[in-house]
There are 4 protein chains.
Amino acid sequence: MKTRDRIIQASLQLFNENGERSTTTNHIAAHLGMSPGNLYYHFRNKEDIIRSIFTLYENHLESAFQPYTPQQLDVEVLISYFDAIFYTMWQFRFMYANLVDILGRDEALKQRYLKVQTRVQTHATELLTQLCRDGFLCVAPDKISRLADSIRMMVSFWISYQLTQSDGSGITKATLYEGVLRVLMIFNGYATSNSANTFARLEQHYSALALRPQ
Amino acid sequence: MKTRDRIIQASLQLFNENGERSTTTNHIAAHLGMSPGNLYYHFRNKEDIIRSIFTLYENHLESAFQPYTPQQLDVEVLISYFDAIFYTMWQFRFMYANLVDILGRDEALKQRYLKVQTRVQTHATELLTQLCRDGFLCVAPDKISRLADSIRMMVSFWISYQLTQSDGSGITKATLYEGVLRVLMIFNGYATSNSANTFARLEQHYSALALRPQ
Amino acid sequence: MKTRDRIIQASLQLFNENGERSTTTNHIAAHLGMSPGNLYYHFRNKEDIIRSIFTLYENHLESAFQPYTPQQLDVEVLISYFDAIFYTMWQFRFMYANLVDILGRDEALKQRYLKVQTRVQTHATELLTQLCRDGFLCVAPDKISRLADSIRMMVSFWISYQLTQSDGSGITKATLYEGVLRVLMIFNGYATSNSANTFARLEQHYSALALRPQ
Amino acid sequence: MKTRDRIIQASLQLFNENGERSTTTNHIAAHLGMSPGNLYYHFRNKEDIIRSIFTLYENHLESAFQPYTPQQLDVEVLISYFDAIFYTMWQFRFMYANLVDILGRDEALKQRYLKVQTRVQTHATELLTQLCRDGFLCVAPDKISRLADSIRMMVSFWISYQLTQSDGSGITKATLYEGVLRVLMIFNGYATSNSANTFARLEQHYSALALRPQ
DNA sequence: TATGAATGAGCATTCATTCAT
DNA sequence: AATGAATGAATGCTCATTCAT
C-alpha cells in the first residue's frame, strides 16, 4: 500500500479509536513508524488528511446507494443496502461522532458534506420509489421524500445519540446493527404483504449481528 | 449576585456565543474582570463550571415539564410547554451543539444526563397521556412512549442538525423556533377535531417568531 | 526588576549576542530560568517583545537628541550627543544589523520606525542650526537638513557596513566608536576656528575609545 | 541551458521576487519541475547555489567597471557605467536586501565579497581618475578614493535604505533608478563646465526611467 | 542524471491549572 | 475571597538535507 494511503488508513483507524481531536499528527506518524516530516510530505496539514478521508466517504456513498437494475430485486439487494448503511456508519464513525466540530472548522468540507447529502437524499428517494413500484413497500408518493429524509437523519445521528445515551465506553458494531434495525423498523411500517416475510428475515439477520459480542 | 453565580452566568454566555472549546478559563475570568486564580477558588476546574451549568439545566427541565393541573388546559398551557422547549434549546445551546464532546469527557456528567433524560422521558409520557385523556391528542396508548422519545431526539439533535445542514454561521432564535415548529408538526399528526384549531393558532404563533430577524 | 523588564533585557541581550533570528522564545525563557508559558504570559508573542524593545529605542532617541539650553554649550554637551549616538548603536545593535528583516516582517513597526526617524531628522536639524548659531559649525542654512540626513544614514548603516566589510566575527564597542569618529569627521568639515580645538579634543577622546580592546 | 544553470537562474529569480529566506530549496525545485534530489545532485546545498549566483555577481562587476579606452569617452560610455550600476542592483537585489544575513552565514562568501569589493574600489578609483584626466570631473587627487568609497556605500545600501524608508511593498526598477540619480547627483558636484551639459542629459535620461511605472 | 520519499530537530504558541501572597 | 505570576506538556507544522532506486 502506498504511504499516502497508509496515512489515510492509520488516521481513520486512530480517529475512530481515539477521536479526531485527541489524535495528533505526531501520533499518526509515530503509529506508522514514520517521521512527522514525511506525513507532511504527503499531506499539507491535518485538515488535508480529514478531507482525504472524506473523499472515501463520498465515493462510498456514491457507489453504495445506486438504484438496482430491475431483475435484481430480492433479499440480497436489500441486504446490500442495509450493509452499506452499517458499513458507512462503522467505517466513518469518528465523523458521525463529531460532525458539528469537524464541519465547523472547515467551511469547504461543510459544503462538500451538504452536496453529498443532497445526492444521498436524491438516490434514497429514487430507491424507495423503485421499491414501491416493485411492490416491496407501500408509501404514498408525496411521503417518499420525507421518509428518505427521516432515515438520513436517523443514520446521521444514531452514533451521536448512542454516545450520549449509553454509559458504555464506546461504539461497537453491535451498537450500529441496532441502528440498522431501527431503520428496518421504519421500513416495516410500510411493508406490503409480499415483503413482510422478507423483512422478517432481514430483521432476524441483523438481530443476530446486533447480539454478537464485539 | 454572588461571584460563583457570576462565573456560571458568564461561562454560559461565552460558551453559547463562542463555543465551549474556544472559551478558555482565562477568557471567562477576563470577561468578569477577575483573576484566573479567583475563578479556581470558586471552581475546581473547567469541568466543574460545566457541571454547575448542567445543574441549571436539570432544574429547568424538572420544573418546566411537570404535568398540568386538570382545570388548567388551554392554549396557554401548551404555549408554556413549547416555550420551555425553546428556552431550553436557546439557553443551553452550547451543550446541544457539543453534547457528545462534553459528555465524552466527563463520565459523571453523562450519568447525570442519562438520569435527567430518563425523567424527561417519563414526564413527557405523562404529559402526552394527559393530553390524550383531555381530548387534545389521539395517540394509541402503546405508542405514547415512542412519541415522547421521538420528540426528545428531535429536540436533542435539532441544533446539531442545523449546524451541519445550514451554511449560515450560527444558531439564531429563529432557527430554534423552526425546531419548535417541527415538534408541533409531529403533534399535528395526532391532533383531534377539538384541538385542530388550537394547533393552528400555535403554529401561527411560532411561525411568526421563526420569521423574526435576529 | 519586574519579570516583564527582565524578559525585555534578556531578549535584547540575546538578540544582540546571537542575532534575533536564531534567538527563540524558548531560548529566552530558558536563559531566564522560566517557563515558556510565563514568557507568553507577559508578551503576546515574539513580535510583541521586539516591539517593546523598540519602545526603549524610541524613548532613548526622543530624550537624547533634544536641543540644548543656550548657556549649556561646551565640550560636555557635544560629548553627550556623540555618546548618545554610540549608546544607541551599541544598545540596539541587533536592530541595526537586521533592520530590513525586522521591519519587513512587521508593517506596524515599520510605520513606527518611519515616524521616529522623521522626528530624529527634525531634532538633528534643529541641533545643527543651534550649533551654527552658537558659532560651533558653519553650514549653509539650506544644507543643514541634508547634513542631518547624511549623518542619520551613516549611523543607520554603519553596523551593517561593518558586518559586511570586516572579516572579524562581530561588532565590538571599538567598531562603533570608529563609527562615531566617522560622524565626527563629517562635523570637522564644517568646524569653525572657534571649534577646531574642541573637535580635536573630541577626536582624541573617541580615538582612544576606538583603540580599546573589547 | 544546462540544468545547473537553470537552477541558478530560477534561484536568482525566486530570491529576487520572494526573498532568499522564504525561498526554500523545494520551492526552487518545484518551480523548475524537478525533484529536490536532482537539485542536490547539482549543488551540495543552498549555500552552494548562492555562491554560484555570487560568481555571476563577481563576473559582472569585473567586466562592467573596467576603465574605458581613451578614444571612447562620450555620453554613451557614462551611460554604460550607470546602466551597469543599475543592472547590478536590479539583478542581484536579493543580495543587497540581505547582505548582512547572507554573508553572516557564510564566512567564505564574505571573504569573496571583501575581495571583489576591494577590486571594485580600485577600478572605480581608476575610472574617476580617468574622468578627471579627460576633463569630465574635477576632483582633488587625494579625494578620489574617498569619492569612490562613498559611491560604493551608497550603491550597497540603497536597497536596504529604501526597504526601511518607504512603506511601499517592494523594490521596483524605478526605485533603483532613483538610486542611480543619487549617484549622479554626487558626480554633479564635481562636474566641469565641459561636462555640465552631459550630466544634465544623463539626469534627464535616468529621471525619465525613474518615473516609469513598473 | 534524476526521482521522490523520508528524516528529525526545531519553533512559536496555547491553556488548564497551581500557588505564594 | 482574591490576585496574578508561573508552570509545562503539548500541538501543528517547517525545511534543508539524505539516500535508495
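In what follows, chains carry the letters A, B, and so on, assigned in the order in which the sequence lines appear, proteins first and then strands, with residues in each chain numbered from 1.
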Inset, instruction - Hey, can you tell me if D:Y57 and D:F92 have their rings parallel, tilted or perpendicular (30° and 60° cut-offs)? - result: perpendicular
Inset, instruction - Mind checking side-chain contact (heavy atoms from CB on, under 4.5 Å) for B:T24 and listing every partner two or more places apart, or none if nothing turns up? - result: B:N26, B:H27
Legend entry - Residue-level proximity of residues 10-33 of chain B to DNA chain F when a heavy atom falls under 4.0 Å: none
Legend entry - B:L103 and A:L163, any side-chain heavy atoms less than 4.5 Å apart: no
Inset, instruction - Using only heavy-atom distances, determine whether the side chains of C:Q111 and C:E107 contain a donor-acceptor pair under 3.5 Å. - result: yes
Legend entry - Length of the line joining A:R6:CZ and E:dA6:C1', which is rounded to integer Å: 11 Å
Between side-chain atoms of residues 47-56 of chain D and protein atoms elsewhere (two or more places apart, or another chain), which donor-acceptor pairs fall under 3.5 Å?
unit_1: D:D48; atom_1: OD2; unit_2: D:R44; atom_2: N; d: 2.9
unit_1: D:R51; atom_1: NE; unit_2: D:D106; atom_2: OD2; d: 2.7
unit_1: D:R51; atom_1: NH2; unit_2: D:D106; atom_2: OD1; d: 2.7
unit_1: D:R51; atom_1: NH2; unit_2: D:D106; atom_2: OD2; d: 3.2
unit_1: D:S52; atom_1: OG; unit_2: D:R4; atom_2: NH2; d: 3.1
unit_1: D:S52; atom_1: OG; unit_2: D:D48; atom_2: O; d: 3.1
unit_1: D:T55; atom_1: OG1; unit_2: D:R51; atom_2: O; d: 3.1
unit_1: D:T55; atom_1: OG1; unit_2: D:R112; atom_2: NH2; d: 2.8

Inset, instruction - Tell me whether the OP1 or OP2 atom of F:dT3 has a side-chain N or O from B:S35 closer than 4.0 Å. - result: yes
Legend entry - Runs of at least three consecutive pairs that involve DNA chain F, where pairs are Watson-Crick or G-U with distances under 3.5 Å: E:2-21 with F:2-21
Inset, instruction - Output yes when D:K46 and D:E20 qualify as a salt bridge under the 4.0 Å nitrogen-oxygen rule, no when they do not. - result: yes
Inset, instruction - Could you list by number each residue of residues 38-50 of chain B showing a heavy-atom separation from DNA chain E of less than 4.0 Å, or answer none if no residue does? - result: B:Y40, B:N45, B:K46
Inset, instruction - Round to a whole Å and report the spacing from CD1 of D:I7 to P of E:dT3. - result: 10 Å
Legend entry - Euclidean distance, atom CE of residue A:M1 to atom P of E:dA5 [Å, nearest integer]: 16 Å
Legend entry - Any residue meeting side-chain contact (heavy atoms from CB on, under 4.5 Å) with C:N16, in chain and number order, not counting sequence neighbours: C:L12, C:R93, C:F94
